[in-house]
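Below, chains carry the letters A, B, ... as their sequence lines are ordered, and counting in each starts from 1. This is a predicted model, so every value here is computed, not measured.
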Amino acid sequence: MIVLREVSYTYPEAADPALHGIELNLQPGSITGVVGASGAGKTTLAKVIAGFLPRVDGGELTGTVCVAGRNLAELSLVEAVGQVGLVIQNPFNQISGAKYTVREEIAFGMENLGTPRAEMAARVKQVAALLRISDLLDRSPYALSGGQMQLVAIASMLVLRTPVLVMDEPTSQLDPFGTRLVFAVLDQLQQAGTTVVIFEHKLELLQAHADRLLVLAGHTIVADGSPTEVLADERVDGWAIGSTRYTRAARLARGRGLLPVHGALPVSFEQAAATFGGAR
Amino acid sequence: MTAVRFENVRFRHPGGVEALRGVSLTVAAGERVAIIGQNGAGKTTLVRHLNGILQPSSGRVLVGERPTAGRSISELAASVGYLFQNPDEQLFASSVRIDVEFGPRNLGCTPAEATARADEALAAVGLSAQAQSHPLHLSLSERKRVALAGVLAMRTAVVVLDEPTTGQDARGADLVAAVVETLAASGRTVIAITHDMDFAAEHFDRLIVMAAGEVTADGRPADVFGEAQVLERAAVEPPQLFRLAQRLGWPQRPTGVQQFVDAFAARAPR
Ligand SMILES: Nc1ncnc2c1ncn2[C@@H]1O[C@H](COP(=O)(O)OP(=O)(O)OP(=O)(O)O)[C@@H](O)[C@H]1O
Ligand SMILES: Nc1ncnc2c1ncn2[C@@H]1O[C@H](COP(=O)(O)OP(=O)(O)O)[C@@H](O)[C@H]1O
Ligand SMILES: [Mg+2]
Ligand SMILES: [Mg+2]
């Protein structure tokens, strides 16, 4: 669905590329998680996949980005937006500034894509129910808490029903139930054939929901595999992506001679239950 | 000594939403308190009363045993430092250093003292090398830490942090946790709002749970995380290792890695 070939990108006036040597092929009906330390290039990659770079912020892109077999650079902005939805990192900045109610705010993107009125209303209702924000629809998009704003930002993209959905840290302001809800929605989208790419720091949720995990470090992809495989990789400390509490507990227990030191460390709840629940 | 106190505080936003529906609570000087609870529960609205950005529709808010009513925002700023949820609401200057020095200068510090405080605060948040940068050229997570440095440089007795770990990578989250520990060790009162249950459990002695404009639980993390119905109503869940211990049927309620491993060690000696 999305193919990146030898992609490098340099911001205007920057000396060094923010991304280089990116090779990526993402299948429909999959959830790809991307992790990486701050500054590794996550937001840049999100914007490249969504066709915002270099189109919106300038800079220089080399290599090719293809969506559904077409070169993204050759699509018009409206065509690109119709293919790839991007939930940007700071929800406080995603609100359009053009609308008086959350209902209109969520519908804003559909207006630009020419969706019929009647269908717009129905879709807004459906997506608001999905994200449990129906009670906010008549409120001003500015008179919201941070987490409510983030849910509205997510709704504004989900409602477009693009074949590709890119989300840059979409749960940063959400309460634990809201975070789980977003991941449950991603599972549904995956079932329906959407190509999902999520940039996120919450390793245990990526482990549970992503089919594939990429690690960005030093402005390029340094690991690519199943989440369980990647999180158990012996190079993990060097990537500065942290580790789950399960891994940390097992490390400490090994250090104190409470667990055998051979074999992979647990990275998930289930693995940790097996590690710590086994008879001692 | 009381650091801050809310007495039956109600607040209605101009839009008409009643965000606080009678909150009463007292935080003693030197306590470290985490406020958790669902999106829209009223957490930010509550803490914005502490530096006078908001005044209650009814009830009273006291800082340092005196009501905030009638006190100016700049007077309160000398007692309460507030890290905004959205750093872009907080930062205004054309360089990181100017931004961080602004608070201490306003408090009447000499330029040299303001510079020294900014240096210390920027080191604490891991941004010494970015002092000359324009805040807008930094990432969101870095901007949040610049805003945190600005709060630290004020050296207020009470420090209020609205979602300080949001968007931080592993190193950023460790830096923020270390800041909380350092503040607490120096006797300051720390009040933090967070959706990160592990962070709340590992670095705070007291948890306040909010749901729909009210406080629904208030106690030690190990106790509060045992109250399943309260948590459910507030859309939160226990920390990861606490849940793992529950699943394994252990009697202990570990809130962090150390306690979890201690509990494991105590189970069946070899
Ligand atoms: N400026 C505003 N005008 C009107 N209503 C507001 C405003 N800001 C927040 N609200 C409403 O007040 C209630 C409490 O919001 P608040 O920001 O205090 O929540 P919160 O607990 O901090 O949530 P979050 O975890 O999402 O940050 C919510 O219903 C919210 O929609
Ligand atoms: N608008 C910009 N102009 C110049 N450099 C930028 C810009 N945005 C990001 N960068 C740089 O590009 C690199 C990757 O940043 P980013 O994609 O935001 O990382 P992440 O999302 O992983 O934190 C960093 O070195 C950052 O400083
Ligand atoms: Mg980013
Ligand atoms: Mg808030």
Side-chain angles (χ1 to χ4, degrees), chain A residues 35-40 42-43 89-93 133 135-136 139-140 142-151 169 171-181 201-204 239-246 248-253 255-259 269 272-273 276-277 279-280, chain B residues 13-17 19 36-45 85-89 139-143 162-163 166-174 195-198 202 231-232 234-237 239-241 243-245 247-250 254 256-258 260-261 264-265 267-270:
Chain A
V35 294
S38 177
K42 300 183 297 298
T43 296
Q89 187 168 0
N90 188 351
F92 300 103
N93 296 345
I133 51 171
D135 57 329
L136 300 180
R139 301 263 299 269
S140 156
Y142 287 101
L144 298 177
S145 78
Q148 291 170 338
M149 237 181 233
Q150 190 157 44
L151 289 168
E169 302 191 31
T171 69
S172 59
Q173 315 279 330
L174 300 185
D175 64 47
F177 283 22
T179 300
R180 286 194 185 280
L181 177 62
H201 292 297
K202 296 170 184 165
L203 300 179
E204 40 315 310
W239 300 329
I241 59 170
S243 52
T244 67
R245 291 309 192 275
Y246 312 119
R248 288 186 223 177
R251 275 206 179 138
L252 182 62
R256 288 172 53 177
L258 300 167
L259 286 176
F269 186 87
F276 290 102
R280 287 191 49 208
Chain B
H13 279 285
V17 179
I36 61 175
Q38 72 197 161
N39 290 128
K43 304 177 297 295
T44 297
T45 304
Q85 185 166 352
N86 178 8
D88 296 340
E89 270 185 65
S139 68
L140 179 63
S141 62
E142 287 171 329
R143 294 203 297 280
D162 202 340
E163 302 194 21
T166 293
Q168 298 299 324
D169 65 1
R171 171 172 166 271
D174 286 347
H195 292 301
D196 180 341
M197 299 301 122
D198 297 295
E202 288 166 8
L231 300 186
E232 165 102 30
V236 297
E237 61 190 21
Q240 298 171 41
L241 293 172
R243 277 186 276 131
L244 182 57
R247 153 78 169 272
L248 295 172
W250 297 0
V257 172
Q258 187 79 44
F260 181 88
V261 175
F264 182 58
R267 294 201 41 85
R270 264 164 220 275

Quick check on the interface: out of [options], who has the most heavy-atom pairs with chain B under 4.5 Å?
options                   : value
G36(A), A37(A), G242(A)   : A37(A)
V35(A), D175(A), L144(A)  : D175(A)
Q173(A), R180(A), R251(A) : Q173(A)

Between [options], who has the most heavy-atom pairs with chain A when the cutoff is under 4.5 Å?
options                   : result
L140(B), D196(B), D162(B) : L140(B)
G40(B), G256(B), P14(B)   : G40(B)
V17(B), T44(B), N39(B)    : N39(B)
H13(B), R243(B), E142(B)  : R243(B)
L231(B), I36(B), D198(B)  : D198(B)

What closest approach, in Å, do Y246(A) and L244(B) show between heavy atoms, and which atom pair accounts for it?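 Looking at all heavy atoms of both residues, the closest pair is CD2-CD2, 4.0 Å.
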Looking at every heavy atom in both F260(B) and A245(B), which two are closest together, and how far apart are they?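 Looking at all heavy atoms of both residues, the shortest contact is CE1-N, 4.2 Å.
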To the closest 0.5 Å, what do you measure between CE (M149(A)) and CG (N90(A))?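 Interatomic distance, M149(A) CE to N90(A) CG, rounded to 0.5 Å: 9.5 Å.
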Hey, could you give me the CD/CE distance between Q240(B) and M197(B), rounded to the nearest 0.5 Å? 11.5 Å
Contact origin within [X] toward chain B - heavy atom pairs under 4.5 Å:
X       : result
L174(A) : both
S140(A) : neither
S145(A) : side chain
A273(A) : both
E169(A) : side chain
R256(A) : side chain
E204(A) : side chain

Does the plane of the ring in F276(A) sit parallel, tilted or perpendicular to the ring in F264(B)? Use 30° and 60° as the thresholds. perpendicular
[X] versus chain A, the contacting section by heavy-atom distance below 4.5 Å:
X       : result
D174(B) : neither
R247(B) : side chain
E163(B) : side chain
Q168(B) : backbone
L248(B) : side chain

Ignoring hydrogens and geometry, is there a side-chain-to-backbone donor-acceptor pair from K202(A) to T179(A) under 3.5 Å?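 No.
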Short question: side chain of R248(A), backbone of S243(A) - any donor-acceptor pair under 3.5 Å? yes
Please examine the side chains of [Y] and [X], heavy atoms only from C-beta on, and report whether any two atoms are closer than 4.5 Å.
X       : Y       : value
I133(A) : Q148(A) : no
S172(A) : Q150(A) : yes
F177(A) : Q38(B)  : no

Test H195(B) against K43(B) for side chain to side chain contact (heavy atoms under 4.5 Å, CB included), laying out the working first. CA-CA 11 Å; H195(B) 292 301; K43(B) 304 177 297 295; 3.7 Å; yes
Assess whether side chain to side chain contact (heavy atoms under 4.5 Å, CB included) is satisfied between V257(B) and R245(A), documenting all intermediate values. CA-CA 7 Å; V257(B) 172; R245(A) 291 309 192 275; 4.1 Å; yes
